[in-house]
Structure formats: C-alpha cells, structure tokens
Amino acid sequence: MVDAEDEYIHVRFRDPDRYDEIRTPDWADNPAESVSEGSEVRTGKIEGEDDWEVTSVLIKKSVGEEKAKEQAREIVEKIES
C-alpha cells in the first residue's frame with residue numbers, strides 16, 4: 001500500500017495494526033540513506049515477540065511514487081539480508 005503524506009511517500013509492507021509498538025530506529029538510517037537520501041524506515045514489534053519487522057519505508061515525495069516503491073523494496077532487501 002502506498003500513501004502520499006506531506007513530505008513523504010509512505011510505502012507500507014505490513015499492517016501497522018498488528019504491532020504492539022512501532023519505531024523509527026537509528027540503525028536503519030544507513031541502509032535507508034544509501035538508497036534514498038532523506039528516507040526513513042519504520043519497524044514494528046508484535047506483542048510477546050522479540051523480533052522487529054520493517055513495517056514501512058518513507059521516501060521523499062520528490063522521488064515520485066513508482067521510484068519510491070522500487071527504492072523502498074531495495075531498502076527492505078538490504079535490511080533483511
């Protein structure tokens with residue numbers, strides 16, 4: 001799912017409602033910035049679980065929706081590999 005917000009295109013990979021807690025972790029800045037300057041990664045933690053999953057990636061709106069989807073997938077691949 002893709003939403004356009006004020007400054008970002010918000011590319012969702014998982015439903016945020018399934019998470020107990022959502023964060024924008026500092027450790028994700030490097031892989032995100034290496035693909036798209038100014039992008040952010042949000043991660044979520046399911047209640048009772050220890051693992052955090054990428055829930056969405058925010059890409060600067062100026063990139064455009066199609067390019068944002070490509071870059072978001074590339075960022076997730078870097079993080080999850």
Side-chain angles (χ1 to χ4, degrees):
M1 187 167 131
V2 178
D3 292 323
E5 296 181 354
D6 294 338
E7 295 177 40
Y8 293 100
I9 294 171
H10 195 161
V11 183
R12 293 181 202 273
F13 291 92
R14 297 178 176 96
D15 182 359
D17 294 337
R18 65 185 282 223
Y19 298 99
D20 185 42
E21 190 176 345
I22 292 182
R23 293 185 183 166
T24 305
D26 292 339
W27 59 260
D29 288 348
N30 287 341
E33 289 279 334
S34 73
V35 174
S36 186
E37 187 178 333
S39 60
E40 294 183 4
V41 174
R42 294 203 177 138
T43 59
K45 181 176 175 289
I46 296 173
E47 189 171 357
E49 300 278 327
D50 291 333
D51 296 332
W52 289 79
E53 300 176 324
V54 174
T55 61
S56 60
V57 177
L58 281 68
I59 305 283
K60 288 284 190 183
K61 204 177 221 176
S62 59
V63 169
E65 191 172 306
E66 282 308 308
K67 187 85 171 158
K69 287 193 277 188
E70 289 172 27
Q71 290 180 347
R73 278 193 292 274
E74 190 176 336
I75 290 167
V76 172
E77 284 174 17
K78 281 186 170 220
I79 288 172
E80 293 182 347
S81 64

| query | With sequence neighbours excluded, what pairs up with Ser36 under the side-chain hydrogen bond (donor to acceptor under 3.5 Å, both in side chains) test? | reply | Gln71

In a table with atom names and distances, give each donor-acceptor pair under 3.5 Å that connects a side chain of residues 23-33 to protein atoms at least two apart or in another chain.
| unit_1 | atom_1 | unit_2 | atom_2 | d |
| --- | --- | --- | --- | --- |
| Arg23 | NE | Glu21 | OE2 | 2.7 |
| Arg23 | NH2 | Glu21 | OE2 | 2.7 |
| Glu33 | OE1 | Gly38 | N | 3.4 |
| Glu33 | OE2 | Gly38 | N | 3.0 |

| query | In chain order, what residues pass the side-chain hydrogen bond (donor to acceptor under 3.5 Å, both in side chains) check against Arg18, with sequence neighbours excluded? | reply | none

| Linking Ile, Leu, Val, Met, Phe, Trp and Tyr by side-chain heavy atoms under 4.5 Å, what else ends up with Tyr19? | Ile22, Ile46

Acceptor/donor pairs from residues 72-81 side chains to any protein atom, 3.5 angstrom cut, sequence neighbours excluded:
| unit_1 | atom_1 | unit_2 | atom_2 | d |
| --- | --- | --- | --- | --- |
| Lys78 | NZ | Ser34 | OG | 3.0 |
| Ser81 | OG | Glu77 | O | 3.1 |
| Ser81 | OG | Lys78 | O | 3.2 |

| request: Mind checking side-chain hydrogen bond (donor to acceptor under 3.5 Å, both in side chains) for Ser56 and listing every partner two or more places apart, or none if nothing turns up? | output: His10

| query | What pairs meet the salt bridge (Lys or Arg N to Asp or Glu O under 4.0 Å) rule with one or both residues in residues 55-70, with sequence neighbours excluded? | reply | Glu7-Lys60, Glu66-Lys69

| request: State which residues pass salt bridge (Lys or Arg N to Asp or Glu O under 4.0 Å) with Glu40; sequence neighbours excluded, sorted by chain then number. | output: none

| query | Given a cutoff of under 4.5 Å between side-chain heavy atoms of I, L, V, M, F, W and Y, with clusters grown through shared members, what are the other residues clustered with Leu58? | reply | Tyr8

| message | As an exercise, state the distance from CD1 of Ile9 to OG of Ser62, rounded to the nearest 0.5 Å. | response | 8.0 Å

| task | State whether the side chain of Arg12 and the backbone N or O of Thr55 hold a donor-acceptor pair below 3.5 Å, judged by distance alone. | result | no

| message | Membership question, hydrophobic clusters at under 4.5 Å side-chain separation (ILVMFWY): are Phe13 and Ile59 in the same one? | response | yes

